[in-house]
Amino acid sequence: MSVLDDYLVDPKLSLLDKTRVQAQVLVPVLKALRSQLGREKADAIVKQALRDWSKQLFSAVGDCVDGSPRRKWAAMHTAMAEMTEHDVTVEMRRHDKEALEFDITRCRFAEFFRALGEPELGALLICETDFDIAAAGGGEVSFTRDQTIMQGAPSCTFRYKFAPR
């Protein structure tokens, strides 16, 4: 059982399939908003709504995990890794008590959203959630990422640093 199970519509459905379902609803809504409000204003509204939703979701998940902030982050990070392992290719760079560093070199989520012509929406639904998960780590986990496949780079760079225990 994953720490995310209570927050997912159907734990048996892959995250990629869930994302496709979300996109079936969000893309037409986004296009309708763009036609009424203009691209910039519509995209800003959707961005803020999705960011707020993600922050609240992962904060609530973190509240349900016992232990230190680092343990909360680890539980969510592990759950997401298990949910995405079939849809991404990971190259580990470093994994020790001070840091976790890896690159994603293939991402089916990015392929899907780029094919839709909506990589910005994909970045909001998928990529930005990594920052919200890292936030559960409080001051014990810091996260940086310089690039993503979703935004056209050849890889996604995940760089986690851990505070000394």
Side-chain angles (χ1 to χ4, degrees), residues 1-65 72-91 100 102-137 141 143-158 160:
M1 184 165 173
S2 164
V3 298
L4 300 176
D5 284 352
D6 289 342
Y7 298 89
L8 301 174
V9 176
D10 182 353
K12 292 175 264 185
L13 194 62
S14 78
L15 184 59
L16 182 58
D17 287 337
K18 288 175 189 162
T19 302
R20 288 179 175 137
V21 171
Q22 289 174 323
Q24 285 179 331
V25 174
L26 287 171
V27 169
V29 169
L30 183 57
K31 287 181 178 182
L33 286 170
R34 285 172 178 162
S35 73
Q36 294 295 311
L37 304 172
R39 184 178 191 97
E40 187 174 319
K41 187 170 186 176
D43 287 0
I45 290 168
V46 170
K47 178 179 182 177
Q48 188 63 54
L50 290 175
R51 293 302 301 129
D52 290 347
W53 166 77
S54 179
K55 288 175 185 177
Q56 290 171 357
L57 172 69
F58 289 105
S59 176
V61 172
D63 289 345
C64 294
V65 177
K72 293 174 186 292
W73 166 81
M76 285 189 274
H77 176 78
T78 299
M80 288 299 287
E82 290 170 356
M83 290 170 41
T84 60
E85 67 187 351
H86 300 293
D87 298 311
V88 298
T89 302
V90 177
E91 289 185 12
L100 171 62
F102 60 91
D103 295 342
I104 291 182
T105 57
R106 180 168 186 243
C107 176
R108 292 181 63 205
F109 297 94
E111 293 166 5
F112 171 71
F113 280 102
R114 292 175 69 74
L116 280 180
E118 294 292 344
E120 296 86 7
L121 181 59
L124 288 170
L125 281 174
I126 301 300
C127 305
E128 292 299 314
T129 62
D130 298 319
F131 291 95
D132 302 326
I133 293 169
V141 178
F143 174 62
T144 59
R145 181 174 48 224
D146 293 331
Q147 63 186 32
T148 65
I149 296 169
M150 193 79 74
Q151 296 170 319
S155 66
C156 306
T157 54
F158 286 73
Y160 295 95

What are the two closest non-hydrogen atoms of C156 and T148, and how far apart are they? SG-CA, 3.6 Å
Is there a side-chain contact between E118 and K31, using heavy atoms and a 4.5 Å cut-off? yes
Taking the side chain from K72 and the backbone from G62, do they hold a donor-acceptor pair closer than 3.5 Å? yes
Roughly how far, to the nearest 0.5 Å, is CG of D87 from SG of C107? 8.0 Å
Do side-chain atoms of Q151 reach the backbone of P119 as a donor and acceptor pair under 3.5 angstrom? no
May I ask you to check whether D52 and Q48 show a side-chain donor-acceptor distance below 3.5 Å? yes
Supply the atom-to-atom distance S54 OG to I133 CD1, rounded to the nearest 0.5 angstrom. 7.5 Å
Here the pair of heavy atoms bringing E82 nearest to E85 is O-CG, 3.5 Å
For T19 and F112, which heavy atoms make the closest approach, and how far apart are they? O-CE2, 4.4 Å
Which residues share a side-chain contact (heavy atoms from CB on, under 4.5 Å) with T84, sequence neighbours left out: L15, V88, F109
Between the side chain of T78 and the main-chain N/O of A75, is any donor-acceptor distance below 3.5 Å? no
Measure the shortest side-chain to side-chain distance between L57 and T129 over non-hydrogen atoms and say whether it is less than 4.5 angstrom. no
Checking R51 side chain against L124 main chain: does a donor-acceptor pair fall under 3.5 Å? no
Shortest non-hydrogen contact from R145 toward T157: CG-O, 2.6 Å
Which heavy-atom pair separates P28 from A23 by the least distance, and what is that distance? CD-O, 3.8 Å
Mind checking whether H77 and Y160 have parallel, tilted or perpendicular rings, split at 30° and 60°? perpendicular
Going by heavy atoms in the side chains, are L116 and L121 under 4.5 Å from each other? no
E120/R34 salt bridge by N-O under 4.0 Å criterion: no
From R108 CZ over to T89 OG1, what is the distance, rounded to the nearest 0.5 angstrom? 10.0 Å
Do L125 and F113 make a side-chain contact, defined as non-hydrogen atoms from C-beta onward lying under 4.5 Å apart? yes
About how many Å separate CZ of F131 and OG1 of T144, when rounded to the nearest 0.5 Å? 7.5 Å
Is a salt bridge present between D43 and K47, judged by a nitrogen-to-oxygen distance below 4.0 Å? no
First locate atom CG of D130, then atom CE of M80, and finally report the distance between them rounded to the nearest 0.5 Å. 6.5 Å
Looking at D17 and R20, is any side-chain nitrogen of the basic one under 4.0 Å from a carboxylate oxygen of the acidic one? yes
Looking only at heavy atoms, which two atoms of R106 and E111 are closest? And how far apart? NE-OE2, 2.9 Å
